[in-house]
Student: 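The structure follows.
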Amino acid sequence: MIPGIKSCKNSFNVLLNENYSSLISIDKNKSYMALKISEQEHFRREALRELKELGINPYPADKYDVNVTAKDILKHFSEDKTLFQDVQIAGRLMGRRIMGSASFTELQDSTGRIQLYFNRDEICPGEDKTMYNTVFKRLLDIGDIIGVKGFVFITKMGEITIHVKEYTILCKSLRPLPVVKEKDGEVYDAFRDPEQRYRQRYLDLIVNPEVRQVFHQRARMIQSMRDFLLSKDYLEVETPVLQPIYGGAAARPFKTYHNTLDTTLYLRIANELYLKRLIVGGYDGVFEFAKDFRNEGMSRFHNPEFTQMELYVAYKDYEWMMELVEEMIEKITLDLHGTTQIPVGDKVIDFKRPWKRYSMYEAIEHFTGVDISEMTEDQLRNTTKELGVETDKTMGRGKLIDEIFGEKCEAQLIQPTFITDYPVEMSPLAKKHRTKPGLVERFEAICNGKEICNAFSELNDPIDQRARFEEQIELGRRGDPEAMILDEDFLKAIEHGMPPTAGLGIGIDRLAMIMTNSNSIQDVLFFPQMRPEKTSGTEGNINDEFTAAGIPEPWITLLHQAGYSTASTLKEANPNKVFNQLCGLRKKQKLDIPAPKPEDVKSWIENIG
RNA sequence: GACUUGGUAGCUCAGCUGGUAGAGCACAUCCCUUUUAAGGAUGGGGUCCUGGGUUCGAGCCCCAGCCAAGUCACCA
């Protein structure tokens with residue numbers, strides 16, 4: 001007899017007799033999925049059962065107080081060996097080296113890992129060695145969460161270690177963790193597959209400590225920006241995500257529906273028009289860290305939902321805003337890195353003020369040698385051909401200039417650079433330039449070849465604003481899916497008068513990528529959007545179909561194991577063959593359930609819808 | 001949306017010209033009883049992403065699909 005089968009048998013009995021009903025109650029449509037588990041998971045469920053039999057609650061309700069972290073101990077113990085002589089700490093069990101009556105394991109808490117020393121006769125001072133021999137050595141696994149009490153010492157090997165006097169199981173883990181090992185900075189069996197890392201980010205966070213670091217940095221970056229803005233007495237606000245008219249940017253929206261209002265709503269693509277209403281309302285400065293949603297392509301720079309910080313300050317202009325951006329980003333860089341120079345890929349980016357400034361025309365002249373500032377649309381079109389920039393007939397003057405810039409300049413701007421004075425056609429919400437006709441007072445900051453922010457002197461002339469919206473409507477009629485919609489309610493607001501205002505939008509995810517030296521937006525989002533995993537067919541429904549045909553639960557599992565994973569495959573099967581297969585599986589797994597009768601199997605198959 | 005590459009055990013990956021599915025870690029049993037990715041022995045574990053096709057025979061070849069990564073397009 002094969003040893004593995006015996007364990008399977010036990011596990012099945014556990015599931016069928018004791019835990020099975022609770023598994024079903026968790027998700028009855030996928031009950032067989034719960035049964036279709038790997039051998040290692042069987043062993044863990046078996047260990048769970050044994051723990052319960054020993055009177056140990058694997059999921060205790062009590063709080064577990066800790067008085068120290070792994071990081072504290074590692075940082076301070078070598079300086080003063082009298083410290084940490086009565087510690088209590090909790091975390092996840094990572095590595096284990098069991099040497100008989102003495103064992104070493106690693107405990108990982110939110111701050112890092114520390115080695116634990118378990119000694120049999122200290123854990124179990126009396127005759128009963130169960131808590132060591134059985135519970136610790138056999139029933140605990142990598143991934144379980146425990147709490148320990150003890151004192152800190154240094155082993156012969158020179159490693160700071162907690163000598164455990166008492167431990168408590170805080171949570172039994174039922175699934176094996178990817179085991180990543182490391183020696184002298186070299187990582188073995190790294191958990192690197194991006195799909196798994198993003199879909200099961202918790203695993204990524206458990207086994208890849210550098211990932212935790214990225215999200216710490218992201219949080220500190222946002223904190224630093226918020227502190228900066230609050231120190232200027234601007235008001236942090238919240239505005240609607242669900243908007244009846246989407247606006248404030250050129251993008252395609254997600255559409256949804258409100259039942260009670262019986263109306264279409266959109267997830268915001270920007271919050272600009274709401275923040276400006278607040279400036280109309282009399283605030284001098286408002287900002288929001290806003291999740292925006294754009295129904296467009298995905299790439300390593302684009303996620304369907306992303307975070308933008310938008311700021312509007314009354315009585316200011318875009319020149320003023322440029323200085324604010326420099327000051328703010330420089331401060332953030334210093335807060336995070338202690339220097340203005342940070343590595344990004346194979347480059348070093350320096351955020352020290354002042355940043356380079358080019359007008360868009362100057363940038364194009366700088367990178368292509370062509371002065372387009374006086375060109376007509378036809379001349380521009382010829383220039384694009386000469387430069388090898390692809391265009392189409394729907395593009396007007398502004399779009400052509402933007403194409404040249406995007407194609408020839410943007411990627412080459414590595415150090416933070418302000419690009420100013422954009423064509424009016426591209427910027428329906430920006431104020432016309434005070435001296436340069438055909439342009440608007442707008443700037444973007446480009447860094448590492450990508451836009452990180454966008455700002456302008458906000459258009460507050462309601463007549464001009466209406467005309468600009470109407471031009472957008474015309475673009476929309478010509479088929480531009482990103483053309484803005486006329487927002488009558490917003491126009492009404494600025495007709496009441498909005499002070500001259502400088503507005504800014506900063507892509508938080510993009511900035512986080514630079515600040516954490518991440519190559520992909522997915523690395524700075526906990527849960528980047530992924531296509532839903534395709535489960536094999538419609539499992540839940542099939543199970544219901546099997547149930548509806550009068551097939552008892554245990555046999556449904558075996559039917560799946562026999563390869564009948566869909567109702568139709570079972571429907572087409574030969575009843576005698578199915579009967580033989582089920583009996584074979586029952587015998588092989590030594591299941592403690594009576595064999596079916598041939599006529600039962602036949603009737604099940606006939607009953608399948 | 002287009003192209004390229006990939007999908008094999010819980011994890012990381014091999015797999016020859018198409019010929020009985022492999023390793024390391026993890027797991028189990030036993031021995032050992034203070035270790036640093038690592039004590040020893042033995043053992044179990046697979047829908048080779050899915051569905052078709054070619055073939056005596058497919059993890060491998062062909063077609064279609066799914067998922068991911070990269071590049072491009074659109075976009076912040």
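If you're wondering where the values come from, they're calculated on a predicted model, not measured in any experiment. We name chains A, B, ... by the order of the sequence lines, and we start the count at 1 in each one.
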Student: Taking the P atom of each, how far is B/C48 from B/C60, in whole Å?
Tutor: 10 Å

Student: Look only at the side chain of A/Lys129 and the backbone of A/Cys124, and say whether a donor-acceptor pair between them is shorter than 3.5 Å.
Tutor: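 Yes, A/Lys129 side chain to A/Cys124 backbone: donor-acceptor pair under 3.5 Å.
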
Student: From the list B/C32, B/A69, B/A73, which nucleotide is the closest neighbour of the side chain of A/Ser299?
Tutor: B/A73

Student: Provide, to the nearest angstrom, the distance between the CZ atom belonging to A/Arg138 and the P atom belonging to B/C27.
Tutor: 14 Å

Student: Rounded to whole Å, how long is the line connecting atom CE of A/Met484 with atom C1' of B/A76?
Tutor: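 The distance from CE of A/Met484 to C1' of B/A76 comes to 13 Å, rounded to the nearest Å.
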
Student: Could you go over nucleotides 1-6 of chain B and give all protein N or O partners under 3.5 Å, atom names and distances?
Tutor:
none

Student: With a 3.5 angstrom cut-off on both distances, give the Watson-Crick or G-U wobble partner of B/C16, or none if there isn't one.
Tutor: none

Student: Dump the pairs, protein N or O against N or O of nucleotides 7-12 of chain B, anything under 3.5 Å, distances to one decimal.
Tutor:
residue: B/G10; atom: N7; partner: A/Gln40; partner atom: NE2; Å: 3.4
residue: B/C11; atom: OP1; partner: A/Gln196; partner atom: OE1; Å: 3.4

Student: Rounded to whole Å, please give me the gap between CD in A/Glu182 and C1' in B/G24.
Tutor: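 The distance from CD of A/Glu182 to C1' of B/G24 comes to 18 Å, rounded to the nearest Å.
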
Student: In whole Å, what is the span from the CD1 atom of A/Ile269 to the P atom of B/C74?
Tutor: 18 Å

Student: If B/C25 has a Watson-Crick or G-U wobble mate with both distances under 3.5 Å, name it; if not, just say none.
Tutor: B/G10

Student: Mind calculating the distance between CE (A/Met157) and P (B/U36) to the nearest angstrom?
Tutor: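 A/Met157 atom CE is separated from B/U36 atom P by 5 Å.
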
Student: Counting just side-chain N and O atoms, does A/Gln522 come under 4.0 Å of either OP1 or OP2 of B/A69?
Tutor: yes

Student: Does a side-chain N or O of A/Arg300 approach OP1 or OP2 of B/U71 to a distance below 4.0 Å, or not?
Tutor: yes

Student: Hunt down the Watson-Crick or G-U wobble partner of B/G39, both distances under 3.5 Å, from any strand shown, or write none.
Tutor: B/C31

Student: A/Cys453 or A/Thr161: which one's nearest nucleotide on RNA chain B is closer to the 5' end?
Tutor: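 The answer here is A/Thr161.
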
Student: Using 30° and 60° as the class boundaries, would you call the ring planes of A/Tyr117 and A/Phe104 parallel, tilted or perpendicular?
Tutor: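 It falls in the tilted class, 30° to 60°.
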
Student: Rounding to an integer number of Å, can you tell me how far A/Ile123 CD1 sits from B/U34 P?
Tutor: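 It is 16 Å, rounded to the nearest whole Å.
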
